[in-house]
Asks: 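My questions all concern the structure below.
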Amino acid sequence: MAREKRFGFLVDLRRCIGCQSCSIACKQEWNVPVGRYRCWVKQVAKGVFPNTRKSFLPILCNNCEKPICVTVCPVLASYQKPNGIVEVDPHKCIGCRYCMASCPYGVRYLHPDLGIVQKCNWCSHRTENGLQPACVEACPASARIFGDLNDPASEISKQIAQNAVQPIKPEMGTDPRAFYIGLDDMTVEVKAHGHELAHTTE
Amino acid sequence: MDSIQLLYDIHNGETFGAMIAIYFYLTGLSAGSFIVSTLSYGFGFERFKPLGKIGIVLATLLLVAAPMFLLAHSGQKLRVWHLFVYLRWTSPITWGSFLLILYPINCIIYGFFMFKGRKRLTRIFGLIGIPLALMVHGYTGFILAFGKARPLWNSSIMPLLFLVSAIVSGIAMMILVSVVRDRFFTKEHKINTDVVSALAQMLGWCLVFDLFLTACEVVVHSISHLGAQESTALLLTGSFAGLFLLLENLAGKVIPLAVVFLPRTRGCIPLLLIASILVMIGIYTMRYNVVVGGEYIPLL
């Protein structure tokens, strides 16, 4: 029975150790330019000594069901595949950066040499051929689960059914398809402002 | 609760930046001067006749210049033709790519008939141009309003605010242009105070409306959801407070408003000139604050 797949992503934050293996694997897989990231782990320190803990939040493209980046792309470069993955056609993109401006998750970047926008596509060249995304393969804590949401027997469907899961910023109405177990809203909300960002990215 | 600290995060770079702020500013000036131009040739206010021709010339030139900044901002400049071939009607930029073609063409036709002295056709194309001018600037408000993750942009008042500030900056520019032309480029060197004071009155009422809309935006955002509160704090007490409060609103709106309406100052041409320059600087600052300030606060 050929049922249409709908890919999804699940990050088990109880398992994440913040090692950035996913970021490195992604960089290697896609040759992501310096200073730009498709996938990274936000790190936050909570509490007062001795009651402290680091909180980790791996960020990647949500490949939303209702992607605003696709809605606003003026040249049809951003498009959604039937399996849910949102891709950028490198031959159509004009680098206007409207998708970057409208994405609530800040996961897109302009490639400095190619002049086009790129983003995480859950390694569609791998996942559409039965492999796992590079970041999932690299995660030493098995915190990342990728699979078919339309298959009730898949690992991701089982985990989502049996755990309390939540996407980031569901209020944006983009219907994100990356879910988190143990998501901490304080970690999501803490932000660096303007010039402070320079220190966090370099 | 208080002890939470960001250790590491990624910011994937600026999206729109000052280049787009300049683009918005120039389309605004163009739309504003077009509307001033149609006051006499479209709506029949004979008093503004001296501004008809110079208004349309400026509107056309500014709207030819404005998309150059879009082009400079684009990452793949040779692919701009994609905008006219691959169409996504849900994107304001697609609306804009057609408006940015139709509006200057209409400006040229309107200007052509005006210079030829064909009143009826001038009037028709002037009236066709009004909705085009409003749309060509209104759509830029939609561009920002569709950026739904940025509270400073994602406001239904944004297209209206952009239109009103466009008209404000356009009128201020026309005051400036009118005085400079009368003073330096006519035989009599006599300033047409009738036109200038009428424009100043219009400027004043538009400034009142602009201040009202800005206040609506700030007041509602200051008690709205967390992101909106952060964006208001950025404008009122944060890094953009100086630009927003002093340059945009005090120097760019309140002081010119006082100059235009106070009986002691409103007849004084040098003060009106300074007020117009302040308004033009203020509206550019407004574009900058909205575009750059809107994406100043990171998303995650």
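Chain letters run A, B, ... following the sequence lines, proteins first and then strands; every chain starts at 1.
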Asks: At a heavy-atom separation under 4.5 Å, does Gln20(A) approach chain B through its side chain, its backbone, both, or neither?
Replies: side chain
Asks: At a heavy-atom separation under 4.5 Å, does Trp95(B) approach chain A through its side chain, its backbone, both, or neither?
Replies: neither
Asks: Please flag which part of Val70(A) lies under 4.5 Å from any non-hydrogen atom of chain B: side chain, backbone, both or neither.
Replies: both
Asks: Stepwise, does the side-chain contact (heavy atoms from CB on, under 4.5 Å) test hold for Tyr105(A) with Asn12(B)?
Replies: CA-CA 10 Å; Tyr105(A) 303 95; Asn12(B) 267 327; over 6 Å; no
Asks: I'd like to know if the side chain of Ser3(B) reaches the main chain of Lys46(A), judged simply by a donor and an acceptor atom lying under 3.5 Å from each other, with no hydrogens or angles considered.
Replies: no
Asks: Where on Ile94(A) is there a heavy atom nearer than 4.5 Å to chain B: the side chain, the backbone, both, or neither?
Replies: both
Asks: Below 4.5 Å from any heavy atom of chain A, which atoms of Leu87(B) appear? Answer side chain, backbone, both or neither.
Replies: backbone
Asks: Side chain of Arg88(B), backbone of Val72(A): donor and acceptor closer than 3.5 Å?
Replies: no
Asks: Within a strict 4.5 Å, meaning less than it, do heavy atoms of the Val75(A) and Arg79(B) side chains meet?
Replies: no
Asks: When you check the gap from the basic side-chain N to the acidic O, do Lys191(A) and Glu230(B) get nearer than 4.0 Å?
Replies: yes
Asks: Grab the two heavy atoms, one from Lys54(A) and one from Leu7(B), that are nearest each other, plus how far apart they are.
Replies: CE-CD1, 3.5 Å
Asks: For chain B, which of Pro74(A), Ser102(A), Gly173(A) has the most heavy-atom pairs under 4.5 Å?
Replies: Pro74(A)
Asks: Do Gln76(B) side-chain atoms and Leu114(A) backbone N/O form a donor-acceptor pair below 3.5 Å?
Replies: yes
Asks: Would you compute the distance between atom CZ of Arg97(A) and atom CD1 of Ile20(B) and round it to the nearest 0.5 angstrom?
Replies: 8.0 Å
Asks: Which distance, rounded to the nearest 0.5 Å, do you find between the CD1 of Ile68(A) and the CZ of Phe146(B)?
Replies: 7.0 Å
Asks: Donor-acceptor check, side chain of Lys42(A) to backbone of Ile10(B), threshold 3.5 angstrom: yes or no?
Replies: no
Asks: Please round to the nearest 0.5 Å and tell me the distance separating atom OG of Ser55(A) and atom CD1 of Ile4(B).
Replies: 7.0 Å
Asks: When you measure from the side chain of His82(B) to the backbone N and O of Lys92(A), does any donor-acceptor pair fall under 3.5 Å?
Replies: yes
Asks: Tell me which of these, Cys96(A), Gly18(A), Cys73(A), Gly106(A), has more heavy-atom pairs under 4.5 Å with chain B than the rest.
Replies: Cys73(A)
Asks: Quick one: what part of Phe240(B) sits under 4.5 Å from any heavy atom of chain A, side chain, backbone, both or neither?
Replies: neither
Asks: Chain B: which of Val188(A), Thr71(A), Val190(A) shares the most heavy-atom pairs with it under 4.5 Å?
Replies: Thr71(A)
Asks: Decide yes or no for Trp40(A) and Asp9(B): does some side-chain heavy atom of the first lie under 4.5 Å from some side-chain heavy atom of the second?
Replies: yes
Asks: What's the separation between atom OH in Tyr98(A) and atom OG1 in Thr15(B), rounded to the nearest 0.5 Å?
Replies: 10.5 Å
Asks: Checking Cys103(A) against chain B: side chain, backbone, both or neither under 4.5 Å from a heavy atom?
Replies: backbone
